[in-house]
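Beneath this line is the structure, given in structure tokens, with notes to follow.
Letters A, B, ... mirror the listed sequences (proteins, then strands); counts begin at 1.
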Protein chains: 2
Amino acid sequence: MGVSKTEAFTQADVIIAKYAKALAHPARIAILRILLERRSCICGDIVEELPLSQSTVSQHLKELKEAGLIKGDVEGKKVCYCIDEKVWKEAQQLLQVLFADYTPCGTSCC
Amino acid sequence: MGVSKTEAFTQADVIIAKYAKALAHPARIAILRILLERRSCICGDIVEELPLSQSTVSQHLKELKEAGLIKGDVEGKKVCYCIDEKVWKEAQQLLQVLFADYTPCGTSCC
DNA sequence: CCTTATGATCGTAAATTTACGATTATAATT
DNA sequence: AATTATAATCGTAAATTTACGATCATAAGG
């Protein structure tokens, strides 16, 4: 996105934005849902479930992996992905806290 | 981001991705935090709080507004922004449900 | 009416994203 | 060893994002 001023923001904001970015595409949400459902950790069956090419799915998987939300294990010639519990819960917590920070204002504002 | 195949995914996934995308930049997280803190609905004070130009902040505000998370009221020559309670809570709910869907798998997977 | 302040919009440059086909690397199979 | 299947990576086109200065529109104040 051209010249993101990452260094100008708090670490917390950068991290939460990173997780949000990983979730910022319907294909990646769909991938995560598949991973959530088939807890048995599938791999390239994901490609068959989605209307995207193998390379595109691979790219989305890479982004999820780079954000830390998922991890992949090589099992023979297949690769098995699953959600990384620790990171998943951290993201959940950070977002939860952010959203919970809201308290409705009185009649004075919008 | 070049040719997003929005139509190929479920409505739910598109919506959740939309909210995530709104949160996918540290500057927008920072803006939301300001709005969460000063519940009194500030406007261009945001510009002074952030290390970004007025036009850039205005652009981020526009994106948050387009996602529905915030709304802006014109008050004289100033514009007053605040969080849209209804949308905020919807986003919170959708993300919460997604994250809560996780159940740790046994020893069989990664 | 003219000036000033506020904030949106325009135009632009640079980086990034999304998507795909083609290629490559690796492991399993024959 | 040759073939096959799986998935990563490369290369590329098109769209989008981020950031900024400059400009525009509007409302308040003089």
Side-chain angles (χ1 to χ4, degrees), chain A residues 1-9 13-14 17-32 34-35 41-67 70-82 110, chain B residues 1-9 13-14 17-32 34-35 41-67 70-82 110:
Chain A
M1 311 110 163
V3 208
S4 218
K5 298 179 87 172
T6 301
E7 75 288 351
F9 304 100
D13 289 355
V14 171
K18 181 186 73 175
Y19 292 136
K21 195 171 174 182
L23 302 176
H25 194 289
R28 290 194 289 273
I29 299 292
I31 290 173
L32 289 171
I34 295 172
L35 258 30
C41 299
I42 347 82
C43 48
D45 306 84
I46 298 168
V47 175
E48 287 181 18
E49 290 230 33
L50 298 180
L52 297 170
S53 75
Q54 181 262 317
S55 57
T56 303
V57 171
S58 199
Q59 216 173 303
H60 283 302
L61 286 168
K62 190 182 172 190
E63 272 165 78
L64 287 168
K65 211 160 57 175
E66 275 169 0
I70 68 172
K71 50 189 175 176
D73 260 23
V74 181
E75 303 211 341
K77 63 176 153 186
K78 307 201 176 182
V79 176
C80 167
Y81 283 103
C82 67
C110 349
Chain B
M1 312 109 160
V3 209
S4 217
K5 296 181 90 173
T6 302
E7 75 289 351
F9 304 100
D13 288 356
V14 171
K18 180 186 74 175
Y19 291 136
K21 194 171 173 182
L23 301 176
H25 194 287
R28 292 195 288 274
I29 300 292
I31 290 173
L32 290 171
I34 294 172
L35 257 31
C41 299
I42 347 82
C43 48
D45 305 86
I46 297 168
V47 176
E48 288 182 16
E49 289 230 32
L50 299 179
L52 297 170
S53 74
Q54 181 263 318
S55 57
T56 302
V57 170
S58 198
Q59 216 172 303
H60 283 302
L61 285 167
K62 190 182 171 189
E63 273 166 79
L64 288 169
K65 210 159 58 176
E66 274 169 2
I70 66 172
K71 52 188 175 176
D73 260 23
V74 181
E75 304 208 341
K77 62 176 155 186
K78 307 202 176 181
V79 176
C80 167
Y81 284 102
C82 67
C110 353

Determine: side-chain N/O of [X] to OP1/OP2 of [N], distance under 4.0 Å, yes or no.
| X | N | result |
| --- | --- | --- |
| B:Ser53 | D:dC20 | yes |
| B:Lys78 | D:dT26 | no |
| A:Ser55 | C:dC20 | no |
| B:Tyr81 | C:dT6 | no |

Quick one: does [X]'s side chain get under 4.5 Å of [Y]'s, heavy atoms only?
| X | Y | value |
| --- | --- | --- |
| A:Leu35 | A:Ile46 | yes |
| A:Val14 | A:Lys18 | no |
| A:Leu32 | A:Ile70 | yes |
| B:Leu52 | A:Phe9 | yes |
| B:Leu50 | B:Ile34 | yes |

Take the protein atom [atom1] of [X] and the nucleotide atom [atom2] of [N], then report the distance between them rounded to whole Å.
| X | N | atom1 | atom2 | result |
| --- | --- | --- | --- | --- |
| A:Leu23 | C:dT17 | CG | P | 15 Å |
| A:Leu50 | C:dC20 | CG | C1' | 15 Å |
| A:Leu64 | C:dT18 | CG | C1' | 14 Å |
| B:Arg28 | D:dA19 | CZ | P | 9 Å |
| B:Asp73 | C:dG7 | CG | C1' | 15 Å |
| B:Asp13 | C:dT18 | CG | P | 15 Å |
| A:Lys62 | D:dT9 | NZ | C1' | 7 Å |
| B:Lys71 | C:dG7 | NZ | P | 18 Å |

Check your understanding: What nucleotide among C:dA28, D:dT18, D:dA7 has an atom nearest to a side-chain atom of A:Lys77?
Key ->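 Selected nucleotide: C:dA28.
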Check your understanding: Has the side chain of B:Ser58 got a donor or acceptor atom sitting under 3.5 Å from an opposite partner on the base of C:dG7?
Key -> no
Review point. For the base of C:dC20, is there a side-chain donor-acceptor partner from A:Gln59 under 3.5 Å away?
Key: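 Such a pair exists between side chain and base.
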**Study point:** Comparing B:Gln54 and B:His60 on DNA chain D - which has the more 5′ nearest nucleotide
**Key:**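 Result: B:His60.
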Study note, to complete from the structure: Contacts of A:Leu61 and A:Lys5 projected onto DNA chain D by closest heavy atom; the upstream (5') one is A:Leu61
Exercise for review: Would you classify B:Leu52 as touching base, sugar-phosphate or nothing, given that sugar-phosphate means primed atoms plus P, OP1 and OP2, and contacts are heavy atoms under 4.0 Å?
Suggested key: sugar-phosphate
Check your understanding: Contact class for A:Glu63 vs. all strands (heavy atom < 4.0 Å): base, sugar-phosphate, or nothing?
Key -> sugar-phosphate
Practice item. For A:Ala27 and for A:Gly76, locate the closest nucleotide of DNA chain C by heavy-atom distance; then report the residue assigned to the nucleotide nearer the 5' terminus. Key: A:Ala27
